[in-house]
Amino acid sequence: MFKAAIYAFLTLTTSFTSSFFFFFPNPPKSHYHSLFLSASLSDNASISHNLYMLTRRPHVAGTEANAETADYVLTTLTSHKVNSHIVSYDVALTYPASRSLTLTPAPGHPPIAFDLSQAIYDNDPYADVADQVMPTFHGFGKSGTVSAPVTYANYGRVEDFLTLKEMGVEVNGTIVLAKYGKIYRGDIVDNSYAEGAVGTIIYTDRKDYGGGGKGLFPDGRWMPPTGVQVGSVYSEAGDPTTPGWPSSEGCERIDYEEVEKSGVVPMIPSLPVSGEDGEVIVRSIGGKVANGDWQGSEDGPVYRVGPGPGVLNLSYTATKAIAAIHNVIGVIEGAEEPDRFVLLGNHRDAWTFGAADPNSGTAALLEVAQRLGKLQKEGWKPRRTIIFCNWDAEEYGLIGSTEWVEDNREILKSKAVAYLNVDIAVCDKDYSASATPQLDELLKEAAKQVQDPNNASRSVYDSWTGSGASPPIGRLGGGGSDYAAFVQHIGVAAVDMSFGDGYPLYHSMYDDFIWMEKFGDPMFHRHVAVASIWGYLALQLADKEILPFNYLNYAEELQKSTIELEDEVSNKITVHPLLNSINKLTKAATKVNNEIKAIEETSKFTSAKKTDFARVREINDRLMMAERAFTDSEGLPGRQWYKHLVYGPAKHNDYGSKSFPAVDDAIEEAKKLNTAESWKSVQHQVWRVSRAINQVAKVLSGELT
């Protein structure tokens, strides 16, 4: 009792820890986990300082400024006793060389030339470095000059273009004007091209991002009129000139013309513009009045679909470069299983200052490292190796993480336990998380351990769950962040989380430290909470003797997705192969869970050292490798880099997360053609998924046929 009381006391104070452990060596791992979560180790002042240092000036991938942030992360990790190094790759990137946009509102009217700039606000503390903000552009946007009438296409989704067709609007030969907000910007451009458009303009509509004109930054959290969301329009992952292999020194590289022919970069020029400029263009469009849900703010103009009479002249020239990018990798080596890796990742590059996206995540990553460094001083060593990954060039297309995964593919496939991703750590107040389903229970447990930074009387889990029976956990099929290479390419269990799910200043020059300090997280308590959950997840995965995976959750999730699929196409195909394979997975997951319970029961009556290491290792390997079996070497049809047959991006929205993506793609095609052959292709994709699930069940069971 005395010893237990002392351990409890030490979770609150650490002053005499070293002398105490002289008398009571080797405290349980749970002691260190509690210590990690204690107020004595968390440091919101340090988080604030790190975020300030990382966001002093814009730092786009491939620039000197971003190389300096890599050095800062390296130095900081090293100071926290994390053995760190930089891994560099030479990758294809593009930058704006010249751009212009003019509007002729109607025949005989003088043209309006847009200056395409974001205004410096009064007393802007970053005014002296504003000239370092990259001119607004689309990464990997196509060079070209086009002139054509304007057509308004709402959010540029497939269904929006279908609506235009039903209205009798001819998109072919026009320049499409579309709003940001529902799908990936690259898919807006690709969808426009598919309808015959010659160019695309994407703008930030004030109805979605402007807060109704009230509370605009710097006085509020909403996007000011001249704010522009920049970003990439590349539709794959990794360096487009090294598809499927790392961009290491002296590597094979395809030329850019071949990249364009492959269809992974747009075939028409595009530019992003502000809400202010977008509204000017809207006013120049005539024709039929758009549907009510296509309209803008109540005090705005009437939105019509066109085409014309407004005519846009769009000109854009890109500079193509092979630029050096720098990943920072830090390692805390495991004491018992150094060849098993738990990875934490966040990217560092930003389109401008990047206070929310991504450096709120970088600051949280450094906070986790700082706390683990303190644990090491107290005698903690992880059972498995913990690896910190700070990626570069994520914004262009997940390039830094993809190149590193491709560079280390076979090692990671055999040794990676899980990947824990935080991109934007904080941009609003509500917690959200996504995961591969075997990590659901662990994710819930972690959220229960951390106080809600918005309500001290509740845990993050309580607020996350709300009035529901269980919190909403998303899935990782989208291509929106660096988990993609781990989950969708090599099949590693993963988590992604943040406070907030989107924010109005996204990818604009106003995403700076001032916005975060005033509106995003004034006391940096949400940053502390993210770091606490993130680090606790890592500790559980690194230190638990048996990995805290539960594949029954996976089987349940697959069952739900299969029922949804059956409801959609039951009169065309059968889903029985999927149901049969899910049943096998359920049995295998139950079997391995029972084996784990038996080991845990046995360990209650024996010392930890006497636990059968080989037996535990064998079960852990089955748990770790089962996720790999969801991948198929052939990948998704037409998108071979994506290997996971359960989770992958939607074909027409890279941000969208789809279950059974190859099946969904085949269904979309079959609905267009409605031939026996096209529905046969759907059935084939169903069989492919079912075979993968059968393999997962076999890996989990650990038995040969």
Side-chain angles (χ1 to χ4, degrees), residues 99-106 114 116 136-205 228-235 260-273 277-288 290-291 294 303-318 650-654 668 672:
R99 73 221 207 289
S100 66
L101 183 68
T102 60
L103 169 69
T104 303
F114 299 104
L116 304 176
T136 54
F137 77 114
H138 283 148
F140 293 112
K142 183 174 177 61
S143 297
T145 298
V146 292
S147 182
V150 193
T151 299
Y152 170 57
N154 200 25
Y155 293 105
R157 300 167 295 186
V158 171
E159 57 264 40
D160 293 327
F161 285 107
L162 180 60
T163 297
L164 288 175
K165 190 172 294 185
E166 292 170 349
M167 294 175 71
V169 177
E170 181 61 60
V171 176
N172 187 56
T174 69
I175 292 176
V176 164
L177 176 71
K179 299 181 291 189
Y180 278 115
K182 298 297 183 182
I183 65 173
Y184 173 58
R185 71 190 70 79
D187 290 312
I188 297 174
V189 181
D190 289 343
N191 293 343
S192 301
Y193 173 71
E195 296 299 321
V198 297
T200 307
I201 300 296
I202 311 177
Y203 76 104
T204 305
D205 194 281
V228 179
Q229 181 193 136
V230 301
S232 178
V233 289
Y234 170 47
S235 62
E260 290 185 327
K261 289 178 182 177
S262 71
V264 300
V265 294
M267 298 301 293
I268 55 175
S270 64
L271 278 177
V273 301
D277 291 347
E279 197 162 295
V280 171
I281 299 171
V282 166
R283 293 179 186 277
S284 77
I285 301 175
K288 295 180 180 179
N291 296 338
W294 287 36
Y303 286 38
R304 298 175 181 273
V305 295
V311 173
L312 281 173
N313 187 291
L314 160 64
S315 181
Y316 174 68
T317 303
K651 191 172 185 179
H652 292 286
N653 180 12
D654 193 55
E668 184 179 332
K672 289 179 185 176

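We're numbering straight along the sequence, starting at 1.
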Please examine the side chains of [Y] and [X], heavy atoms only from C-beta on, and report whether any two atoms are closer than 4.5 Å.
X	Y	result
Phe161	Val171	yes
Ile268	Lys142	no
Leu271	Thr136	no
Ile202	Ser270	no

Quick check: closest heavy atoms across [X] and [Y], and the distance to 0.1 Å?
X	Y	result
Pro149	Gly308	CB-N, 3.8 Å
Gly173	Ala148	O-CB, 3.3 Å
Gly156	Ala178	N-CB, 4.0 Å
Gly278	Val273	N-CG2, 4.1 Å
Thr163	Asn291	CG2-ND2, 3.7 Å
Val230	Phe137	CB-O, 3.5 Å

So, using salt bridge (Lys or Arg N to Asp or Glu O under 4.0 Å) as the criterion, who are the partners of Asp160 when residues are at least two apart?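 Salt bridge (Lys or Arg N to Asp or Glu O under 4.0 Å) check on Asp160 returns Arg157.
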Partner residues of Tyr152 under the ring-ring contact (aromatic ring centres under 6.0 Å, His included) criterion, sequence neighbours left out: Trp294, Tyr303
Hits for ring-ring contact (aromatic ring centres under 6.0 Å, His included) against Phe140, two or more places apart or cross-chain, chain-then-number order -> Tyr234, Tyr396
Hey, what do you get for CG (Leu162) to CD (Glu195), rounding to the nearest 0.5 Å?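 If we round to the nearest 0.5 Å, Leu162:CG and Glu195:CD are 8.5 Å apart.
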Between CD1 of Ile188 and OH of Tyr155, what distance do you get to the nearest 0.5 Å?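 Going from CD1 on Ile188 over to OH on Tyr155, the span is 10.0 Å.
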Matching residue for Ser147 among Val311, Thr104, Leu314 - test: side chain to side chain contact (heavy atoms under 4.5 Å, CB included):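 Only match with Ser147 under side chain to side chain contact (heavy atoms under 4.5 Å, CB included): Val311.
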OH of Tyr193: more than 12 outside heavy atoms within 6.0 angstrom?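 Counting other residues, nucleotides and ligands, OH of Tyr193 stays at 12 neighbours or fewer.
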Name all pairs fulfilling the side-chain hydrogen bond (donor to acceptor under 3.5 Å, both in side chains) condition that reach into residues 304-318, sequence neighbours left out, sorted by first residue then second. Ser98-Thr317, Thr145-Ser315
For residues 164-174, which residue pairs pass the side-chain hydrogen bond (donor to acceptor under 3.5 Å, both in side chains) check, not counting sequence neighbours? Thr151-Thr174
Start with the C-alpha distance between Ile285 and Leu177, add both sets of side-chain angles, then the distance that settles side-chain contact (heavy atoms from CB on, under 4.5 Å), and finish with yes or no. CA-CA 10 Å; Ile285 301 175; Leu177 176 71; 4.1 Å; yes
Going by side-chain contact (heavy atoms from CB on, under 4.5 Å), name the residues that satisfy it together with Pro266, two or more places apart in sequence or in a different chain.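 In terms of side-chain contact (heavy atoms from CB on, under 4.5 Å), with neighbours along the sequence ignored, Pro266 is linked to Val189, Asp190, Val233.
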Have Thr200 and Arg185 got a donor and an acceptor in their side chains that come within less than 3.5 Å? no
The test is side-chain contact (heavy atoms from CB on, under 4.5 Å); show your working for Leu101 and Leu312 and say whether it passes. CA-CA 7 Å; Leu101 183 68; Leu312 281 173; 3.9 Å; yes
Determine whether Val198 and Ile175 satisfy the following criterion, side-chain contact (heavy atoms from CB on, under 4.5 Å), listing intermediate values before the conclusion. CA-CA 6 Å; Val198 297; Ile175 292 176; 3.9 Å; yes
Let me see the working for Tyr203 and Ile281 under side-chain contact (heavy atoms from CB on, under 4.5 Å), right down to the final yes or no. CA-CA 10 Å; Tyr203 76 104; Ile281 299 171; over 6 Å; no
